[in-house]
Amino acid sequence: MTSLLVRPTDPDAQGTVIDITPESAGWTHVGFRVHKLAKGQRLEASSDGQEVCLVLLTGRANVNCGEHRFEDIGKRMDIFEQIPPYAVYLPDHVSYSVEATTDLELAVCAAPGHGNHSPRLIAPDNVKQSTRGQGTNVRHVHDILPETEPADSLLVVEVFTPAGNWSSYPPHKHDEDNLPNESLLEETYYHRINPEQGFAFQRVYTDDRTLDETMAVENGCCVLVPKGYHPVGASHGYSLYYLNVMAGPNRVWKFHNDPDHEWLMHA
């Protein structure tokens, strides 16, 4: 089985430090890359058969796609400023470029596209902010590309979990194509930790425990969730950020809680 924990590499010529494809992950829908570009560095790419959501994790950039030009966008210079990011939606089968106007950390979120939408800017004012949970289960959510906004396959969200708290908790899953009760969605978790020498824990497991993997996640790691429940715990003293990319046969997020821990929803 492919390892569920993907560690960052040294940047290549295009600044790539994480590169997950459906083929490397052993699944069908989700692709995910992270690029770290120096000021003035340029990324040239094509979306091919996948729609793409470019998320400016930190820094500013010019993004061009045909006649669509988004100049010097970006505001967040540190992820843990905890303000919503700028993002750009791009359809399948287009060429695009990203030029870093400051040092830039860029996430490229991808899933099958069907040519139904045009390029558009997703500004921070368009990103819904919410808080979920209570006590040590509190986390803060930015819906970058939720199912209420137009796209063919992609769902993109980022979550800030305070130090010592739990997230994606109680454990839930979305691995059965059983709407309206549950949807089948592959998912990636791109983790950042503050201070960056810290760590968090993520467990991915199924009811029958044929998949049951618990990982110590360090800054810049990505976790694959092909199926099963996938809770995350932030260590004391270290706040946790993660960017989720989800996609499947239906663009709907319907999850099922682990019955053993469902009681926590009512406590």
Given 3.5 Å as the limit, does a donor-acceptor pair link the side chain of [X] with the main chain of [Y], or not?
X: Gln129; Y: Pro84; answer: no
X: Asn62; Y: Asp72; answer: yes
X: Glu182; Y: Asp175; answer: yes
X: Asn219; Y: Ile193; answer: yes
X: Arg60; Y: Thr102; answer: no
X: Glu71; Y: Asn64; answer: no

- Item | All side-chain hydrogen bond (donor to acceptor under 3.5 Å, both in side chains) counterparts of Asp207, not counting sequence neighbours |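 Testing Asp207 for side-chain hydrogen bond (donor to acceptor under 3.5 Å, both in side chains), a comparison that skips the adjacent residues, returns Tyr229.
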- To which residues is Val252 joined in a hydrophobic cluster, defined by side-chain heavy-atom contacts under 4.5 Å among Ile, Leu, Val, Met, Phe, Trp and Tyr, whether direct or through other members?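 Noted: Val252 shares its cluster with Leu179.
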- Run through the side-chain heavy atoms of Ile, Leu, Val, Met, Phe, Trp and Tyr, join any pair under 4.5 Å, and report what else lands in Tyr86's cluster.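 Result for Tyr86 is Leu37, Leu43, Val52, Leu54, Leu56, Val63, Phe70, Ile73, Val88, Leu90, Val94, Tyr96, Val98, Leu104, Leu106, Val108, Leu121.
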Would you tell me whether [X] and [Y] have side-chain atoms, one donor and one acceptor, within less than 3.5 Å of each other?
X: Thr161; Y: Asn165; value: no
X: Asn250; Y: Ser183; value: no
X: Asn181; Y: His256; value: no

Would you say that [X] contacts [Y] through its side chain, given a criterion of any heavy-atom pair below 4.5 Å between the two side chains?
X: Arg33; Y: Ile18; answer: no
X: Pro22; Y: His29; answer: no
X: Cys53; Y: Ile144; answer: yes
X: His191; Y: Val232; answer: yes
X: Tyr241; Y: Phe80; answer: yes
X: Pro124; Y: Ile83; answer: no
X: Val34; Y: Glu105; answer: yes
X: Ser47; Y: Glu51; answer: no

- Can the ring centroids of His230 and His174 be said to lie less than 6.0 angstrom from one another? yes
Using every non-hydrogen atom in the two residues, find where [X] and [Y] come nearest and quote the distance to one decimal.
X: Ala110; Y: Gln50; result: CB-OE1, 3.4 Å
X: Leu264; Y: Pro170; result: CB-CG, 3.7 Å
X: Ala216; Y: Leu5; result: O-CD2, 4.0 Å
X: Ala234; Y: Pro162; result: CB-O, 3.8 Å
X: Val30; Y: Ala247; result: CG2-N, 3.6 Å
X: Ala163; Y: Gly237; result: CB-N, 3.6 Å

- So does Glu158 pair up with Arg76, basic N to acidic O under 4.0 Å? yes
- Ion pair present between Asp212 and Arg203, side-chain N to carboxylate O less than 4.0 angstrom?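 Looking at Arg203 together with Asp212, the answer is yes, because their closest N to O distance falls below 4.0 Å.
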- For salt bridge (charged side-chain N to carboxylate O under 4.0 Å, His left out), just list the numbers for Glu218 and Arg7, CA-CA rounded to whole Å, side-chain angles, deciding distance to a tenth of an Å, and then say yes or no. CA-CA 8 Å; Glu218 296 178 309; Arg7 296 185 180 277; 3.0 Å; yes
- Could you check whether the rings of Tyr242 and Tyr189 sit parallel, tilted or perpendicular, using 30° and 60° as the cut-offs? tilted
- Other residues, nucleotides, ligands: >12 heavy atoms within 6.0 Å of Glu196 CD: no
- Is the count of non-hydrogen atoms from other residues, nucleotides or ligands lying under 6.0 Å from Gln134 atom CD greater than 12? no
- From Leu224, Val225, Thr214, residue fulfilling side-chain contact (heavy atoms from CB on, under 4.5 Å) relative to Leu4: Leu224
